[in-house]
Amino acid sequence: MVSDVHNPASVIGLRGVTRRFVSKGAVQAALDGVDLDIARGEVFGIIGPSGSGKSTLIRLLNRLETPSEGRVEVNGVDLSGLDARALSALRHKMGMIFQSFGLLSSKTALQNVTYALELAGTGTPASRRQRALDLLDRVGLSAHAQKYPAQLSGGQKQRVAIARALANAPDILLCDEATSALDPEATQGILTLVAELNRELGLTIVLVTHEMEVVRQVCDRVAVLDHGRLAEVGAVEQVLFAPVSAAGRALSKHILPPPPDGVGEGAVTLTYFGEVVYSDALSAAVHGLQARFSVLSGQVSHLKSGPYGHMIVDMAGPDRAEALARLRARGVSVTEAAK
Ligand SMILES: Nc1ncnc2c1ncn2[C@@H]1O[C@H](COP(=O)(O)OP(=O)(O)OP(=O)(O)O)[C@@H](O)[C@H]1O
């Protein structure tokens, strides 16, 4: 079974966590022996297909769920030992946002945020109002403070939920499918905001998603869940470009280019990570060889850690295999069309 190495900078640790549920008389492990460390200040993705245990995992982090076996630690403290007061303090320091926003429909955006401060017993009515206005301003919603949730778009509602989650200055933000109900433009806005909050406030962000595209854009590391087990965990580029599990391969397929089948016999897809200058790499690969190339298409995208690109290239000539070997030696992944 995969296990994340213990990291002394860990702010969240799962130690042999199993969570079983009884459903229709049968016992099922939603999570099965998961070991994981999440470091302070990172954006950590949890990805996996439907039913793989993602929501159960994130809900264990603020004790909305409890493990059947093993333990969950936050800042080295085992959550199972917390009394009601300590648990409440922990939850104030851990903001959470959801797919369904969870706003109170009878309260305005401003009141939704001040309410979180009231519940925590923080400040005076005036100071709470000012903090809530500042937070709504930070998430780009100053003009909408007096609106009710029903008067806001999905992306705006999620921004209110983020302002509310930040009200008590948490160290950790938990995001459970926070963009799944949003259109692509609103998704983009929320992901940009999440990345800014991580950078500006040093927030540790744990983000559950079923979309590798979300992981690609904002995460530093990602854990892949498969039937409740940790299939693999690593830097996003590692899981994306060199997945070691079947579940990891299935997920990365969605954002990697398809093999160049049908494009032509000599066509290959080249994928690279980092600042490889393609024209240089290709020219160097064929230099002095009887091989020539023509670029059929190309695209550059970005991970949090840097750019990556892929292109479809027609490579021909007697030394074609040698030219492709040179590209591989430079760290370029080469996929040939199926014969
Ligand atoms: N309260 C519960 N009672 C019974 N079974 C549960 C409960 N919560 C989760 N499960 C089961 O545990 C498994 C994992 O569920 P979980 O919601 O954690 O998965 P998920 O990866 O978040 O799925 P999705 O992407 O569909 O939300 C599923 O088979 C689910 O039916």
Side-chain angles (χ1 to χ4, degrees), residues 1-4 12-36 38 43-72 74 79-80 87 91 94-102 154 157-158 161 165 172-184 187 190-191 194 205-219 221-234 236 239-240 243 245-255:
M1 191 178 298
V2 174
S3 151
D4 192 17
I12 293 170
L14 273 74
R15 312 276 173 247
V17 171
T18 292
R19 176 63 168 112
R20 293 186 203 91
F21 291 108
V22 181
S23 178
K24 293 180 192 152
V27 180
Q28 191 207 356
L31 283 179
D32 189 359
V34 173
D35 288 299
L36 198 61
I38 299 177
V43 184
F44 191 91
I46 297 165
I47 192 166
S50 182
S52 57
K54 305 180 296 294
S55 292
T56 303
L57 197 161
I58 204 166
R59 288 164 56 81
L60 282 158
L61 305 185
N62 59 1
R63 230 180 76 178
L64 290 173
E65 288 287 355
T66 49
S68 311
E69 275 170 40
R71 60 185 198 280
V72 179
V74 176
L79 298 192
S80 67
L87 183 59
R91 288 182 178 153
M94 223 186 239
M96 188 161 186
I97 57 172
F98 314 87
Q99 178 172 356
S100 56
F101 318 122
K157 281 185 226 177
Q158 197 58 291
I172 299 169
L173 180 64
L174 307 178
C175 309
D176 190 357
E177 298 280 9
T179 56
S180 298
L182 304 180
D183 63 35
T187 294
I190 296 297
L191 293 181
V194 163
I205 297 180
V206 184
L207 185 154
V208 158
T209 180
H210 61 278
E211 290 174 279
M212 198 52 137
E213 185 53 25
V214 169
V215 168
R216 173 185 81 72
Q217 291 194 41
V218 292
C219 293
R221 289 197 306 143
V222 59
V224 179
L225 288 180
D226 186 16
H227 293 95
R229 294 182 175 219
L230 187 60
E232 65 179 289
V233 57
V236 171
V239 174
L240 202 54
S245 66
R249 279 191 291 276
L251 288 160
S252 20
K253 245 196 238 159
H254 293 299
I255 67 168

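Both ligands and their constituent atoms are indexed starting at 1 by order of listing. Throughout, residue positions are numbered sequentially from 1 according to the sequence presented. Since the structure is predicted, the reported quantities are computational estimates derived from the model, not experimental observations.
Atom 10 (N) of ligand 1 has as its closest protein heavy atom Phe21 CD1, 3.5 Å. Of the protein's heavy atoms, Gly53 N, 3.2 Å lies nearest to atom 19 (O) of ligand 1. Looking at atom 18 (O) of ligand 1, its nearest protein heavy atom turns out to be Thr56 OG1, 2.6 Å. At the shortest separation from atom 25 (O) of ligand 1 among protein heavy atoms lies Lys54 NZ, 2.8 Å. The shortest contact between atom 26 (O) of ligand 1 and any protein heavy atom is with Ser50 OG, 2.6 Å. Scanning the protein for heavy atoms near atom 12 (O) of ligand 1, the closest one is Ala30 CB, 3.2 Å. Here the protein heavy atom with the shortest distance to atom 31 (O) of ligand 1 is Gln28 OE1, 4.3 Å. Nearest protein heavy-atom neighbour of atom 17 (O) of ligand 1: Ser55 CB, 3.8 Å.
Residue contacts with ligand 1 do not include His210, since none of its heavy atoms lies under 4.0 Å from the ligand. Residue contact check for ligand 1: Gly51 places a non-hydrogen atom closer than 4.0 Å to it. The shortest separation from a heavy atom of Pro49 to ligand 1 is under 4.0 Å, placing the residue in contact.
The backbone N or O of Leu79 sits less than 3.5 Å from a side-chain atom of Arg63, completing a donor-acceptor pair.
When each of Leu31, Leu14, Val17, Thr56 is tested with Pro67 by the rule side-chain contact (heavy atoms from CB on, under 4.5 Å), just one qualifies, namely Val17.
Put simply, the side chain of Ile47 does not reach to within 4.5 Å of the side chain of Val239, judged on heavy atoms. Proximity of Glu211 to Arg216: side-chain heavy atoms (C-beta onward) are nowhere separated by under 4.5 Å. Using a 4.5 Å heavy-atom cutoff, the side chains of Val233 and Phe44 are in contact. Looking at Val206 and Ile46, their side chains come closer than 4.5 Å, going by heavy atoms from C-beta outward. By the 4.5 Å heavy-atom criterion applied to side chains, Thr209 and Glu177 are counted as neighbours. With a 4.5 Å cut-off on side-chain heavy atoms, Ile97 and Asp176 do not count as touching.
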